[in-house]
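Owing to the predicted nature of the structure, the values given are computational and were not obtained by experimental measurement. Protein chains get the first letters and strands the later ones, always in sequence-line order, with residue 1 at the start of each.
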There are 2 protein chains.
Amino acid sequence: MSSAEQRAPLNRDAVVNAGIRLADSHGVDALTMRNLADGLGFKVMALYNHVANKQQLLGLMLDVVAEEIDDPPDDMAPLAAIRSLAISMRTTLTEHPWVPDLWLQHMPGPARTANMERLLRLFDESGLSPVLAHHGFHAVTNHVIGYTIQDVGMTAMATSADPDDPMALAYEFLANTPAEVYPHTVAHLHQHLNEDVPSSYELVLDFILDGLVRLNTSTT
Amino acid sequence: MSSAEQRAPLNRDAVVNAGIRLADSHGVDALTMRNLADGLGFKVMALYNHVANKQQLLGLMLDVVAEEIDDPPDDMAPLAAIRSLAISMRTTLTEHPWVPDLWLQHMPGPARTANMERLLRLFDESGLSPVLAHHGFHAVTNHVIGYTIQDVGMTAMATSADPDDPMALAYEFLANTPAEVYPHTVAHLHQHLNEDVPSSYELVLDFILDGLVRLNTSTT
DNA sequence: CTTGACGACGTACGTTGTACGTCTCAATAT
DNA sequence: ATATTGAGACGTACAACGTACGTCGTCAAG
């Protein structure tokens, strides 16, 4: 009986994937080494045979997520492909709300480096001047991360304040900020609560891309 | 002797300001309650007579930083004032590298709410349509936070890897990413290390503002 | 002179990451 | 067949953290 119950030994991929699932489902705060080990049916110290420490584990998790980002088709025009890639990145990052924060605090692994390479190559092929291509890379990267981090951070705050009713936080904020003192802020928040405004993600992305092209053609 | 050494009692402002100084000088990781108490010449639990918990302390610290943001002059044209405010925000946030991350994870206090109000009012007075003003607010906020968080995160990573030589991290990264596989990434990094490219912060900010104005006039 | 409030602090607890050493077992070498 | 080795799971233990609780001294109001 005892020999029949041999589990398969742990391995790095299993640990990393379990980490991603745990962070996705219960938030990054629930990702403790003990918790993770429990979920896998092992004890804490078993994990350390497969990852050096938590920091490394997080880095590996990030790189797995980076692999999930869809590539634009090869035959797409560079600027359209940039646009498409930016949207894919946002999609993937939004599916793993714990990622955007950590993204900026870890060195890129192979998959994320490949992702940067792709975006940089597209800019190189876009016809923009080298300096504008350089700035474009940063502008788009910043746009993707910034917008996503903000979205995700907001909803994380709301659900951590009251998991049952994410709206509760907004109403509590409204109760504490008088409309006579902060009329525009209150109005803005109401726009979010009542009418639902579409995301300006793609709109602003296009402002950036159009701005790059426009400046490029006007100085060439 | 003992009665002559009476210290002034602690108060909330002292705690909050000491927290800011500590986070500024030694990083947010060094901001532990014990550390903070030590710096003030008190013991840990004394702090809890003045702040409810660490979370609240961080929130108070953030709002003090929000107060530091310079307002644009009242007579400045709305769009110019928005631009000016965005630059002031970046300046202040950069002076407190621990802020951008936390900024998105805490509800705004009074000062930050006032800051939002200001930006929203400027957009309201800008002549943009209400929906574009709404999007403009998010676009600019995102730009400010995103760009700053990225700057600050990078340098934080570099200095935490090797406080003596922040460049070391870049060279280590280069050593691990072959130029044959990642030519554009390597070239991009070299642009940062050799030529020093000016920040694209204002350039992209203008892309956004110009994009808003252009779209507004073309659909009005 | 008493009383009551307030602020500082000692003690203690639960939670976290992880260093270190031990034990088991299968694969390999003799 | 026996001895050796190495990998992997795990128990124990520790330091650092946030913070709950209770105690004590001091000072102002009754």
Would one find a side-chain N or O of A:His50 under 4.0 angstrom from OP1 or OP2 of D:dA7?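 No.
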
Contact list for residues 150-188 of chain A, test ring-ring contact (aromatic ring centres under 6.0 Å, His included), sequence neighbours left out: A:His188-A:His192, A:His188-B:His134, A:His188-B:Phe137, A:His188-B:His138

Which residue pairs pass the ring-ring contact (aromatic ring centres under 6.0 Å, His included) test with at least one member in residues 141-163 of chain B, sequence neighbours excluded?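 Qualifying pairs, neighbours excluded: B:His143-B:Tyr147, B:His143-B:Tyr201, B:Tyr147-B:Tyr201.
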
Does a salt bridge link A:Asp206 with A:Arg83, judged by any charged N lying under 4.0 Å from a carboxylate O?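 Salt bridge flag = yes for A:Arg83 with A:Asp206.
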
Ion pair present between B:Glu67 and B:Arg112, side-chain N to carboxylate O less than 4.0 angstrom? no

Contact list for residues 133-161 of chain B, test salt bridge (Lys or Arg N to Asp or Glu O under 4.0 Å), sequence neighbours left out: B:Arg90-B:Asp151

Nearest whole angstrom, please: distance from the [atom2] of [N] to the [atom1] of [X].
X       : N      : atom1 : atom2 : result
B:Asp38 : D:dC17 : CG    : P     : 10 Å
B:Leu10 : C:dA8  : CG    : P     : 5 Å
B:Lys54 : D:dA16 : NZ    : P     : 15 Å

Step by step, would you call B:Leu31 with B:Leu36 a side-chain contact (heavy atoms from CB on, under 4.5 Å)? CA-CA 6 Å; B:Leu31 178 60; B:Leu36 180 55; 4.1 Å; yes

Strand contacts (DNA chain C) in residues 41-49 of chain A, 4.0 angstrom heavy-atom criterion: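 Contacts with DNA chain C under 4.0 Å: A:Val44, A:Met45, A:Tyr48.
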
Which residues in residues 16-37 of chain B have a heavy atom closer than 4.0 Å to any atom of DNA chain C? none

B:Thr185 side chain to A:Glu117 side chain, donor-acceptor N/O pair below 3.5 angstrom: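 Yes - a donor-acceptor pair under 3.5 Å links their side chains.
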
Side chain to side chain contact (heavy atoms under 4.5 Å, CB included) involving A:Val186 - partner list, sequence neighbours excluded: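 With sequence neighbours excluded, A:Val186 shows a side chain to side chain contact (heavy atoms under 4.5 Å, CB included) to A:Leu174, A:Thr177, A:Ala179, A:His190, given in chain and number order.
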
